[in-house]
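Below is one structure, written out as structure tokens, with a few remarks after it.
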2 protein chains.
Amino acid sequence: MVVSIRDVAEHVGVSLGTVSNVLNRPNTVNADMVARVLEGIRELGYVRNDAARQLRAGNSRTIGMIVQDSSNPFFADMARGAEDQAEVGGRMLIVGNSHQSAERELRYIDLFEEQRVQGVFLAPIDDLTERLKQLRQHRIAPVLVQRRVSLDDFCSVAGDDEHGGYLAVKHLLDIGRRRIAFVGGPVSIIGIEDRLTGARRAVDEVADATLEVIDTAELTVGVGRSVGEQILDRDRSRRPDGMFTANDLVALGLIQAFVMSHSIRIPDEIALIGYDDIAFATAAVVPLSTIRQPGAMFGVMGVSLIQEEVDSPGGHTHRQVLFQPELVIRESTAGFPDAAA
Amino acid sequence: MVVSIRDVAEHVGVSLGTVSNVLNRPNTVNADMVARVLEGIRELGYVRNDAARQLRAGNSRTIGMIVQDSSNPFFADMARGAEDQAEVGGRMLIVGNSHQSAERELRYIDLFEEQRVQGVFLAPIDDLTERLKQLRQHRIAPVLVQRRVSLDDFCSVAGDDEHGGYLAVKHLLDIGRRRIAFVGGPVSIIGIEDRLTGARRAVDEVADATLEVIDTAELTVGVGRSVGEQILDRDRSRRPDGMFTANDLVALGLIQAFVMSHSIRIPDEIALIGYDDIAFATAAVVPLSTIRQPGAMFGVMGVSLIQEEVDSPGGHTHRQVLFQPELVIRESTAGFPDAAA
DNA sequence: AACGTTCTATGAAACGATTCATGAACCGAT
DNA sequence: ATCGGTTCATGAATCGTTTCATAGAACGTT
């Protein structure tokens, strides 16, 4: 029923080594032999068994990626970039979704290791340094989406989150806001912590500015909405006048809550700025100011770094690629264009 | 360097079969033997080689999925559902992105077949009936996201697109619109064709209603934006007063174009309805009316059907699961709540 | 005719797991 | 002491590839 390379060999009347050569080194085989073998493969409907290939050859052609939240378009962009780049190198990308659960993250790492992937690309939730070093010993190249990694151990891709956080809050202060709130979390995640640090630095530069930190368990539209409702419950005087969220989803949730209530006007009463610049930020009820990061490029670069490490078996020096974020101003921190006219 | 099951066996001082039994049938092995072996595995950092496992056992533990556009949140939802369900059965999901290219679609199918996945879950672009029958012969279960499949050959999951299209345009007609436009494509894709058919049926029920079809190459925000600009270029009298788009992304693009121009008011001049009800539809500049489909459920059900077929080696009768779409009315086809008040 | 070179086909060995027929060890009953 | 029954460890065979040392064929050169 299932056709092996040996069946093809018998059918064509050549040795099994020749069929393998046709598949892997066609230039070492006589041209019409190649034609005959390919014909036989077609006739029998032979499909190479990759497990056997991998077992013998000792390497897989896949790269594993773990994202924290596949429904976040920013991660979707990253995954798309990663997939495209993997394809360039003739590799395949397997994406796992950790849902921000450290346990699922570890399970995927185990799974990827059993698959003998060539590399793993991930934004770790927990500190995985030890586990990742183990991976490296098993010839799997880990590449992180995270800034603060010990330089010698891993390649990494990151945005300058501290600077991004600074840019965001500096902008809020520049348009005259003083009661700043940061929404996001868990702040134990390094990138988020950095954004908060940058925010704090900006606030500290202005004498009468204050920073309130609203720590959340995750970064979703739903979380944004419930924080928004919580803000709505407050006395008007106790509300912030400028809010910076750790990503765009949370900001979109806030916008929904505020707009639906009809009682808080954006940006008049509260100005809002997000992070990532996902495609939907432009299309929001109130188009969202944000800090832009090149999501797809993160993916492309991450996979490139894996390929670099894999393809240079001798000396490989780890690289830290840092992308500079960029402030994008839209209506959520500016007057409406109409108002200006 | 690399630790095999044999190394573990030697290290612990047992036979290699015993180690395998500990891994696969621990209940047939004496309890403290299990403990000793596990200890050895830990000490040596042994990780099972899945390629070898799969070669010998003859089956993989993975399911392949091909999506047409990973940046569409609807597909992201579907993939998440599929992944969750795969995990329930102890399987792993591999997702490939065809970018609506029939060629990439075929490449992924080949790849999945080499991997000997247990099943493939996909919304085919081309007619793949023959190729998928080949897959089945090789013991790979194909499940389609598509309605019109010959009942006997495959399981499938689908929304009732024809009914959805009808609901959408019926709603536009109900609020008094008569010059209807359908935006989407390519209409050769079955689901899209069905939505158009439903739209046409609704239009035909009303004497003075007309339907204009704007065929597009893909279904993205960018396409929506450019169709929007094209509408803006028209004489006011030649514009539609109700538009139905084949998915929400296109509708969001239209909204962006119209709102940015400040010359077309939604829904006053043009009412708009999309399809899918992605999370961002609620948060749009003008919250978008749409036809809701349960994306995650599509994924869950699709993978369930694969598991059903795989786990019942004897008789399996193919099932067609049809989800009923649901009309969701928001501001893009209604007066603003303010206006009503 | 003998030799060296180049080209190409051959098939046994190996990769690392699972499977399964075999039998050793033990136990309780006769 | 023997026997039947259980429990459990053993290791050779096997899965389908790739690799590689070997050798046959063909050709040109001396």
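First the proteins, then the strands, lettered A, B, ... as listed; each starts at 1. It should be emphasised that the depicted structure is a prediction, and the values quoted were computed from it without experimental measurement.
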Please list every donor-acceptor pair under 3.5 Å in which a side-chain atom of residues 27-37 of chain A meets a protein atom from a residue at least two apart or in another chain.
residue : atom : partner : partner atom : Å
A:Thr28 : OG1  : A:Arg25 : O            : 3.0
A:Asn30 : OD1  : A:Asp32 : N            : 3.1
A:Arg36 : NH2  : A:Val12 : O            : 3.2

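- The ring pair (Phe, Tyr, Trp, His ring centres under 6.0 Å) analysis of residues 30-74 of chain A, with sequence neighbours excluded, yields the pairs A:Phe74-A:Phe298.
- A salt bridge between B:Asp50 and A:Arg116 is absent, with no side-chain N of the basic residue lying under 4.0 Å from a carboxylate O of the acidic one.
- We find that A:Glu113 and B:Arg48 are not joined by a salt bridge, their nearest charged nitrogen and carboxylate oxygen being 4.0 Å or further apart.
- With hydrogens and angles left out, the side-chain atoms of B:Gln118 and B:Arg61 include no donor and acceptor closer than 3.5 Å.
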For B:Met92 and A:Ile94, run side chain to side chain contact (heavy atoms under 4.5 Å, CB included): C-alpha distance rounded to whole Å, both residues' side-chain angles, the deciding distance at 0.1 Å, then the answer.
CA-CA 10 Å; B:Met92 192 180 180; A:Ile94 310 181; 3.7 Å; yes
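- Across all non-hydrogen atoms, the minimal contact from A:Val95 to B:Glu83 is O-OE2, 4.3 Å.
- A salt bridge is defined here as a Lys NZ or Arg NE, NH1 or NH2 lying under 4.0 Å from an Asp or Glu carboxylate O, and B:Glu114 with A:Arg53 fails to meet this definition.
- For DNA chain C, the neighbouring residues in residues 4-29 of chain A, judged by any heavy atom under 4.0 Å, are A:Val14, A:Ser15, A:Leu16, A:Gly17, A:Thr18, A:Asn21, A:Thr28, A:Val29.
- Comparing the local axis fitted to the first five base pairs of the helix from C:dA1-D:dT30 to C:dT30-D:dA1 with the one fitted to its last five gives a bend of 50°, rounded to 10°.
- A salt bridge is defined here as a Lys NZ or Arg NE, NH1 or NH2 lying under 4.0 Å from an Asp or Glu carboxylate O, and A:Asp69 with B:Arg80 fails to meet this definition.
- In summary, the side chains of A:Gln307 and A:Gln85 do present a donor paired with an acceptor at a separation below 3.5 Å, with no hydrogens or angles considered.
- For the pair B:Arg107 and B:Glu103, the salt-bridge criterion is met [side-chain N within less than 4.0 Å of a carboxylate O].
- Taking a 4.0 Å limit (strictly below) on heavy-atom distances, residues 49-61 of chain B reaches DNA chain D at B:Leu55, B:Arg56.
- Aromatic ring orientation, B:His318 versus B:His316: perpendicular (interplanar angle above 60°, classes split at 30° and 60°).
- The nucleotide range of DNA chain D contacted by chain A, defined by atoms under 4.0 angstrom from heavy atoms of the protein and reported 5' to 3', is D:dG16 to D:dT19.
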